[in-house]
Asker: 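Pasting a structure here, questions to come.
Values reported hereafter were calculated over all heavy atoms of this structure, with side chains retained and with hydrogens, waters and symmetry mates removed.
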Amino acid sequence: MSPAFGAMEVEHYAKGVLLKPFVHQVGGHSCVLRFNDKTICKPLIQREHQFYETLPTEMRKFTPQYEGVVSVSFEEDEDGNLCLIAYPLNGDHDNLESIDNSDCEPKNKLLRWSNKKTVLLENDKITKEWVRQHRKEEKMKSHKLEEEFEWLKKSEVLYYSVEKKGNVSSQFKHHNPWSMKCHQQQLRRMKENAKHRNQYKFILLENLTSRYEVPCVLDLKMGTRQHGDDASEEKKANQIRKCQQSTSAVIGVRVCGMQVFQTGTGQLMFMNKYHGRKLSVQGFKEALYQFFHNGKYLRRELFEPVIKKLTELKSVLEKQESYRFYSSSLLIIYDGKELQEVTVDSDPEDLEDLSEESSDESAGAYAYKPTASTVDVRMIDFAHTTCKYYGEDSVVHEGQDTGYVFGLQNLIGIIKEIRDENSE
């Protein structure tokens, strides 16, 4: 066990960790939850689990780090609120070796499921009448949330003004509509099945946004085909239709979700998959431009790092024999934090390597010196991935995933177009 994992921390985890919505989820239908600052978790799907345990070494830098499996149960707190709690799988702590557990939120004052009834652990003086009334109120709140989510679904692009006081990143949790939607749907599914099942396996993965103060995230659905080999005829037809009616069929990539902080207006912008499906190729290009624009100026310093990583990923995938990444997504992430502002008449040492944002007089007495911009490019969502090493698969593919590589090639080309059309 890692030295960083002391006995107290293991005991703390063994008592349960309260899982919260992962506020930077911008796409996908599977619920992603926050385990701690550096780790997220999502429902275990056997094919995806197999992928993470067997993926080629050269692909690891382009996928989240896999950190193990936990057992998740559906419970209620003392106020009747529905909660998801993570426990070590079968009491085994071996899968915790690489996890920093110090910032996990402990389970506290919860109701446990026992013989299909809830047993109050604390504050047992609450009356049955109060409990009935409270649950009635919660049911009304639930209906209100469902109505709100229907509205959010129709509102495909949303803007939220950020409070000038306080941390911008902390305000994502109040505004990200897709994260809220997925979390509520997961709770509803588990509640419906609670009488029959109350233990679920979730996989633990690296939180790719943890290094950024204000994560700007673009979720791209990659490839010209989305349905897996095991899809039903109905599912297959549905996925083919979505590809044909979107940019997937034309350029092998479409927008599945986006969040951007626009410093110019002080707004958070969210775009969901329903809007992404409607975009033309030109609309897709405009959405990419919007992703790299912070409301004041285009973040041109991000283009080369993104192009470099996409090109490297393309080279890696071209060498992968038999893999097919159906319905997989690609994330592009950068920090939307305001770039450092430096006065032109500052000390010469402060102006070393100064990169002016604009060469004209409108730049005024200020210029922008970009901090070291870290951009991440990662593949996620492998529930429908297949390759010849998966012995149980009836269909075996040969060669590279041409649909995915085609999408990467076009994505690189479009980003280069945006770069060249907006060069200084």
Side-chain angles (χ1 to χ4, degrees), residues 27-28 47-66 205-206 208 218-231 239-240 242-244 246-256 281 284-285 288 291-292 302-334 374-391 393-420:
R47 185 173 293 273
E48 182 170 44
H49 186 219
Q50 184 176 8
F51 170 81
Y52 278 114
E53 290 199 317
T54 62
L55 84 164
T57 303
E58 60 270 25
M59 285 189 61
R60 288 178 183 170
K61 66 182 294 185
F62 293 107
T63 61
Q65 181 178 334
Y66 167 69
L205 298 170
E206 171 190 6
L208 301 174
L218 177 64
D219 185 327
L220 299 171
K221 186 71 75 174
M222 300 300 298
T224 53
R225 168 181 162 177
Q226 301 302 324
H227 62 277
D229 292 323
D230 58 347
Q239 293 291 355
I240 290 174
K242 289 178 183 177
C243 287
Q244 290 176 339
S246 70
T247 55
S248 293
V250 184
I251 57 174
V253 55
R254 71 173 183 256
V255 173
C256 193
V281 174
F284 176 83
K285 182 178 178 179
L288 277 184
F291 176 67
F292 289 111
L302 300 173
F303 290 142
E304 294 310 319
V306 170
I307 292 170
K308 181 180 179 180
K309 292 194 175 188
L310 289 173
T311 302
E312 186 179 351
L313 173 59
K314 177 174 171 287
S315 178
V316 168
L317 294 187
E318 285 173 339
K319 299 172 185 175
Q320 299 309 311
E321 177 68 23
S322 181
Y323 271 100
R324 294 295 181 272
F325 303 99
Y326 299 135
S327 201
S328 175
S329 282
L330 186 70
L331 295 184
I332 301 177
I333 311 170
Y334 70 88
T374 305
V375 180
D376 213 349
V377 172
R378 305 284 188 107
M379 300 172 68
I380 61 167
D381 296 341
F382 304 101
H384 302 286
T385 292
T386 181
C387 82
K388 62 184 179 182
Y389 306 113
Y390 297 179
D393 287 355
S394 58
V395 180
V396 177
H397 301 273
E398 298 295 334
Q400 62 182 245
D401 188 337
T402 54
Y404 199 114
V405 171
F406 176 67
L408 281 175
Q409 181 178 327
N410 286 311
L411 178 60
I412 293 168
I414 291 172
I415 294 176
K416 285 182 177 179
E417 285 180 12
I418 297 173
R419 177 200 63 186
D420 296 342

Asker: To the closest 0.5 Å, what do you measure between CD (Glu304) and CD1 (Ile307)?
Answerer: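 With rounding to 0.5 Å, CD (Glu304) is 4.5 Å from CD1 (Ile307).
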Asker: Less than 4.5 Å apart, any side-chain heavy atom of Met222 and any of Asp401?
Answerer: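 Side chain of Met222 against side chain of Asp401, heavy atoms only: no contact under 4.5 Å found.
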Asker: Taking the side chain as every heavy atom from C-beta outward, state whether Gln400 and Glu321 have any atom pair closer than 4.5 Å.
Answerer: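 A side-chain contact under 4.5 Å is absent here.
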Asker: Considering non-hydrogen atoms only, spot the tightest contact between Phe406 and Ile251 and give its length.
Answerer: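 For Phe406 and Ile251, the tightest heavy-atom pair comes out as CE2-C, 3.5 Å.
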Asker: Contact between Tyr52 and Leu205 at the side-chain level, heavy atoms closer than 4.5 Å - yes or no?
Answerer: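 Sidechains of Leu205 and Tyr52: in contact.
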Asker: Let's go through Leu330 and Leu313 carefully: what are the C-alpha distance in whole Å and the side-chain angles of both, what is the deciding distance for side-chain contact (heavy atoms from CB on, under 4.5 Å) to 0.1 Å, and is it a yes or a no?
Answerer: CA-CA 11 Å; Leu330 186 70; Leu313 173 59; 3.6 Å; yes
Asker: When you measure from the centre of the six-membered ring of Tyr326, is the NZ or CZ of Arg225 closer than 6.0 Å and no more than 45° off the axis?
Answerer: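 The answer is yes; both the distance and angle limits are met.
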Asker: Quick one, Asp393 and Asp229 - any side-chain contact, counting heavy atoms below 4.5 Å?
Answerer: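 No, too far: nothing below the 4.5 Å cut-off.
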Asker: With side-chain contact (heavy atoms from CB on, under 4.5 Å) as the test, would you mind laying out the steps for Phe303 and Val375 before giving the verdict?
Answerer: CA-CA 9 Å; Phe303 290 142; Val375 180; over 6 Å; no
Asker: Any sub-3.5 Å donor-acceptor pair from Arg47's side-chain atoms to Thr386's backbone N or O?
Answerer: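 Not a single qualifying donor-acceptor pair exists.
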Asker: CD1 of Ile332 to NZ of Lys309: how many Å apart, nearest 0.5 Å?
Answerer: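 Interatomic distance, Ile332 CD1 to Lys309 NZ, rounded to 0.5 Å: 11.0 Å.
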Asker: State whether the side chain of Arg419 and the backbone N or O of Ile414 hold a donor-acceptor pair below 3.5 Å, judged by distance alone.
Answerer: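 Not confirmed, Arg419 side chain does not pair with Ile414 backbone.
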Asker: May I ask you to decide if Thr63's main-chain N or O and Arg378's side chain share a donor-acceptor pair within less than 3.5 Å?
Answerer: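 Yes: the side chain of Arg378 pairs with the backbone of Thr63.
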Asker: Between atom CZ of Arg60 and atom OH of Tyr66, what is the distance when rounded to the nearest 0.5 Å?
Answerer: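 Between atom CZ of Arg60 and atom OH of Tyr66 there are 12.0 Å.
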Asker: Does atom NZ of Lys388 have more than 12 heavy-atom neighbours from other groups under 6.0 Å away?
Answerer: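 Count over threshold, so yes.
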Asker: Calculate, to the nearest 0.5 Å, the distance between atoms NZ and CG belonging to Lys61 and Asp376 respectively.
Answerer: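 Rounded to the nearest 0.5 Å, the NZ-CG separation comes to 10.5 Å.
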Asker: Once rounded to the nearest 0.5 Å, what's the spacing between atom CD of Glu312 and atom CG of Leu310?
Answerer: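 With rounding to 0.5 Å, CD (Glu312) is 10.5 Å from CG (Leu310).
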Asker: My understanding is that only residues two or more places apart in sequence, or in another chain, count here; which of them pass side-chain contact (heavy atoms from CB on, under 4.5 Å) with Cys387?
Answerer: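 Cys387 satisfies side-chain contact (heavy atoms from CB on, under 4.5 Å) with Ser322, Tyr323, Tyr389, Tyr390 only.
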Asker: Going by an N to O cut-off under 4.0 Å, is there a salt bridge joining Glu318 and Lys314?
Answerer: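 A salt bridge links Glu318 with Lys314.
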Asker: Rounded to the nearest 0.5 Å, what's the gap from CD1 on Ile415 to CG on Asn410? Could you check?
Answerer: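 Answer for the CD1-CG pair, Ile415 versus Asn410, is 11.0 Å.
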Asker: Can Arg254 and Ser248 be counted as having a side-chain donor-acceptor contact under 3.5 angstrom?
Answerer: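 Ser248 and Arg254 do have a side-chain donor-acceptor pair below 3.5 Å.
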Asker: Just by modelled atom types, is the Ser327 backbone N or O under 3.5 Å from a matching donor or acceptor in the Gln226 side chain?
Answerer: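 At least one qualifying donor-acceptor pair exists.
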Asker: Is there side-chain contact between Leu317 and Met379, with at least one heavy-atom pair below 4.5 Å?
Answerer: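 They are in side-chain contact.
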